[in-house]
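Residues: numbered from 1 along the sequence shown. Values below: every heavy atom of this structure, side chains too, minus hydrogens, waters and symmetry copies.
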Amino acid sequence: MKRVLFPALLSVAAAVSVVLVSGICISADETDKDEICEEGQQVIVVEDAVSFDTGYDSDELAEGYIEQKLLSGSEGGFGRYDYTSGLSEYELAIYDYLVPIIGEIASGERTDTDIAIPDEVFNIRIPLSELGIEDPEHASQDDLFAAAQDKIPVRLEKIRDALKQACQFELYWLDEIGATYVQYVSKSSKGSYVVLEEMKVIFYVATDYQNGDRFTTDPSYGKAVGTAASNAAKIIKEYADLDDYHKLLAYNNKLCSLTDPDDNTTGGKDTVYGDPWQVVRIFNGDTSVKCASDGYAKAFRYLCDNSVFKSGSVYCISLTGKYVSNDYMWNVVHMDDGKNYFIDVARNDSSEDKGLNQSFFLLGASSGSVSSGYFFLMRHFSYSEKTIEFYGKDKLTVASSDYKYVNPDGKYDIFIYPVKNGSAVSSKTVAKKGTKITITPDPDDNYELNYIKVNGQKIDGNTFTMPSEQVFVEVSFSYITYEITVEVINSGSVSLNQILREGDTAIINVEPDEGYVFDHIEVDGEVIYGTSFTMPAHDVHVKIFFKEKPADGWITDPTDQSKRYYVDGEYAVGWLNIEGSWYFFDGDGIMQTGWVKDGACWYYLDGSGIMVTGWLQSDGKWYYLKPSGVMATGWNLIGGKWYYLESSGLMATGWKQISGVWYYLEPTGPMVTGWKQISGKWYLFESSGAMKTGWYKAGNTWYYLRSDGSMATGWLEIGGKWYFFYDSGSMASNTTVNGYKLGSDGDWIS
């Protein structure tokens with residue numbers, strides 16, 4: 001029977017019965033969205049309201065939505081649980097109107113979560129006689145509207161719960177803590193009725209998915225959601241021709257291959273239980289973040305919800321509760337035999353259960369009940385109170401025995417677990433007992449077959465005989481390794497990992513005997529001064545050479561005259577103070593001379609290797625080495641005078657602009673202060689060394705420094721006035737120069 005969508009509440013019968021329920025928040029058009037009423041208020045539901053058929057069919061709408069989002073048309077029945085079974089006719093109308101809009105928001109086509117419900121979907125006229133007011137005709141408008149709102153036959157909490165269950169994937173943006181509430185933009189009293197119109201349902205958006213405010217979503221997430229939906233559609237299409245049992249099993253195995261569990265419970269360090277974006281990451285192939293149990297459960301249910309099952313009775317629900325005292329989610333599937341069975345995809349992908357398997361697939365409970373929880377393979381799972389309240393005990397009651405699949409042809413399935421570092425195929429995917437089965441492994445480069453297990457037992461070779469049960473094949477590849485053989489020359493011992501892969505770093509730990517030190521190694525005849533090398537793609541022979549410990553002190557190599565300094569038989573590396581002077585030795589122990597960079601600092605070592613401090617002239621240029629030996633840069637106070645050293649360490653001379661300020665440094669480097677004649681012109685430098693410009697007064701005498709810093713002489717116009725400066729730079733005042741009279745401020749007055 002078709003379900004009537006979009007019933008409009010046109011009028012209320014003269015005689016009504018009422019039922020008290022807790023529910024929604026109501027506000028008028030002037031109420032701000034931030035004003036949220038308290039949950040649990042009493043709402044009176046009006047029964048037997050008049051409705052009409054708009055011509056829309058719920059199944060058609062649902063199929064159209066799925067077709068638009070995922071499939072290009074399908075035959076048969078979609079495996080979807082009817083999450084609206086607990087809704088009234090009026091709540092159902094609002095629910096059905098909201099579902100496609102929620103889909104638009106999820107895909108990024110719409111960002112506004114302030115949703116107007118058209119009057120043809122829901123409006124209400126309530127007779128004044130039914131308001132419960134003693135004299136309604138003389139009551140105030142506010143009293144009439146308050147009484148009318150108490151008669152509204154809608155419980156928003158029920159609608160939201162149904163939406164959250166049915167649209168788990170699409171409502172990734174919903175704020176689970178913030179309110180979802182209703183406003184009526186228009187309300188009036190007309191004749192003998194109170195009319196409430198222009199309903200709005202307003203959803204809060206979780207912080208991570210907001211775009212500016214709490215009622216606007218970020219559309220950029222829609223692209224990822226659309227890609228995830230498209231990828232899910234490919235999975236559904238890939239297994240479309242399988243029977244119901246194998247379709248469910250294929251979904252289980254596929255999800256296990258797309259992600260990995262994180263602590264198998266609440267998400268551990270990578271994933272927070274309840275993160276709605278997990279499903280998107282799974283279908284988009286993001287393997288960088290592991291998945292919590294609810295990600296697996298929601299993804300599995302999403303595939304089922306949008307699949308066509310050969311049996312119209314098959315559907316899947318995802319349920320919340322506790323496992324090992326942690327928040328957890330799993331699935332219950334209603335199968336073609338009319339019973340409910342337990343599926344935990346996270347457990348099936350759990351390292352705790354030794355990798356991918358079907359141990360927690362379509363299980364019956366060994367013991368337990370809906371109220372107390374069920375035991376599956378010695379593990380206890382308990383439903384949350386909200387889950388029991390929403391679904392009811394009938395939908396949550398699990399069969400007492402596992403689901404038994406019976407192949408009509410007497411054949412049994414052959415499953416190959418997802419293979420890492422290669423691939424493998426079976427000569428058959430189903431076979432009767434006694435059939436010879438061949439597994440063909442194909443390892444990736446640098447890998448080789450390690451073993452093949454059939455139902456947990458290793459087999460010889462790659463063939464086995466089919467037993468009278470389903471077969472699960474595990475194919476393991478391991479990296480190809482090579483061996484190192486070792487030969488020790490002279491006195492000492494070594495330890496190392498003698499089995500390595502190509503490209504691995506072989507590290508040899510050497511331990512010379514007393515009186516000996518390590519010298520070098522030879523790898524297949526190649527001399528290496530060090531204790532490590534990169535493993536080639538073949539076995540190697542390594543010789544380790546020890547030599548008698550040399551005496552402490554300087555040793556010069558006769559071949560290149562390089563010098564090393566030995567301490568306790570080992571040559572020095574890095575800095576070493578020898579008889580009061582500092583020397584620097586590279587990684588091979590060679591004494592360095594000239595410029596040396598250690599870390600971020602430069603040093604200079606003379607021809608004998610001794611670290612230089614103080615002034616250094618190199619290639620005709622001057623540098624300064626601090627007492628620590630570090631080459632100086634920037635401003636440095638040396639011998640009571642300031643010097644500027646470039647980033648290269650070179651001592652600056654002459655004019656120098658630093659951070660927008662001009663300075664002058666003597667040819668010998670010191671910074672100039674006070675008056676200084678440069679190229680025939682006089683300049684004034686402050687105590688900081690900064691070149692002075694503009695007016696300057698010394699005692700009772702005024703001077704003027706031009707913009708280039710040079711001291712003014714003669715006539716000069718400044719700020720629209722003329723002044724005269726003597727050759728000494730002093731400003732003339734209270735005098736006559738060349739017939740021009742100058743005032744006390746020095747400016748020309750006549």
Side-chain angles (χ1 to χ4, degrees), residues 479-613 625 627-630:
Y479 224 121
I480 298 174
T481 58
Y482 301 96
E483 185 176 0
I484 301 173
T485 57
V486 178
E487 180 182 355
V488 177
I489 309 299
N490 293 329
S491 297
S493 60
V494 299
S495 63
L496 72 158
N497 183 359
Q498 293 184 254
I499 305 296
L500 294 175
R501 303 172 297 182
E502 178 188 3
D504 284 350
T505 299
I507 300 176
I508 302 173
N509 301 302
V510 298
E511 185 64 37
D513 291 343
E514 186 175 355
Y516 286 82
V517 294
F518 168 75
D519 188 28
H520 69 279
I521 64 174
E522 289 183 5
V523 180
D524 288 343
E526 179 186 355
V527 176
I528 297 175
Y529 290 100
T531 58
S532 65
F533 64 93
T534 301
M535 192 69 184
H538 56 76
D539 296 340
V540 296
H541 180 74
V542 178
K543 292 182 179 180
I544 294 90
F545 290 83
F546 296 95
K547 64 181 180 181
E548 291 185 7
K549 178 191 283 189
D552 289 352
W554 291 101
I555 294 181
T556 302
D557 190 324
T559 58
D560 59 7
Q561 299 303 305
S562 61
K563 293 184 177 181
R564 290 184 174 89
Y565 192 86
Y566 283 82
V567 178
D568 196 23
E570 301 286 342
Y571 57 73
V573 174
W575 290 103
L576 182 65
N577 190 296
I578 303 173
E579 297 180 357
S581 298
W582 285 98
Y583 297 79
F584 186 80
F585 302 88
D586 67 11
D588 294 325
I590 306 298
M591 183 195 77
Q592 302 296 293
T593 60
W595 287 106
V596 170
K597 189 176 184 181
D598 183 26
C601 300
W602 284 94
Y603 301 82
Y604 190 84
L605 307 158
D606 65 17
S608 62
I610 297 174
M611 182 187 77
V612 174
T613 60
L625 291 311
S628 63
V630 175

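M535 approaches I484 most closely through the heavy-atom pair CE-CG1, 3.7 Å. F585 and I578 get closest at one heavy-atom pair: CZ-CD1, 4.1 Å. Here the closest heavy-atom approach between residue A506 and residue L500 is recorded as CB-CD1, 3.5 Å. The shortest heavy-atom contact between D586 and V573 is O-CG1, 3.6 Å. In terms of heavy-atom proximity, P550 sits nearest to V517 at CD-CG2, 3.8 Å. Heavy atoms only, all atoms of each residue included: S532 and T505 are closest at CB-CG2, 4.1 Å.
Looking at E502 and I480, their side chains never come closer than 4.5 Å, going by heavy atoms from C-beta outward. Looking at I508 and F533, their side chains come closer than 4.5 Å, going by heavy atoms from C-beta outward. At a threshold of 4.5 Å between non-hydrogen side-chain atoms, the residues Y566 and I555 count as touching. Side chains of K549 and Y516 form no contact here, defined as non-hydrogen atoms less than 4.5 Å apart. Looking at F518 and I544, their side chains come closer than 4.5 Å, going by heavy atoms from C-beta outward. Proximity of Y583 to L605: side-chain heavy atoms (C-beta onward) are nowhere separated by under 4.5 Å.
Below 30°, between 30° and 60°, or above 60°: for W554 and Y565 the angle between ring planes is above 60°, a perpendicular geometry.
Counting only distance, with no hydrogens or angles, the side chain of Q592 and the backbone of I590 share a donor-acceptor pair below 3.5 Å. In this structure, the side chain of N577 does not engage the main chain of W582 through any donor-acceptor pair within 3.5 Å. Checking side-chain atoms of D539 against main-chain N and O of E483 turns up a donor-acceptor pair under 3.5 Å.
Salt-bridge formation is not detected for the pair R564/D588: no Lys NZ or Arg NE/NH1/NH2 atom is positioned less than 4.0 Å from an Asp or Glu carboxylate oxygen.
Checked against a 6.0 Å centroid threshold, the rings of H538 and Y482 do not count as neighbours.
Screening V486, I521, T531, V542 against V494 for a side chain to side chain contact (heavy atoms under 4.5 Å, CB included) leaves a single residue, V486.
Counting non-hydrogen atoms of other residues, nucleotides and ligands closer than 6.0 Å to CD of E514 gives a total of 12 or fewer. The neighbour count for E548 CD, taken as heavy atoms of other residues, nucleotides or ligands under 6.0 Å away, does not exceed 12.
Note that NE2 of H520 and NZ of K547 are 9.5 Å apart. Values are rounded to the nearest 0.5 Å. Here F546 contributes atom CZ and S493 contributes atom OG; the two are 6.5 Å apart, rounded to the nearest 0.5 Å. Separating the CG atom in L576 from the OH atom in Y571 is a distance of 14.0 Å, to the nearest 0.5 Å.
Applying the side-chain contact (heavy atoms from CB on, under 4.5 Å) rule to D552 yields no partners; only residues at least two apart in sequence or on another chain are considered.
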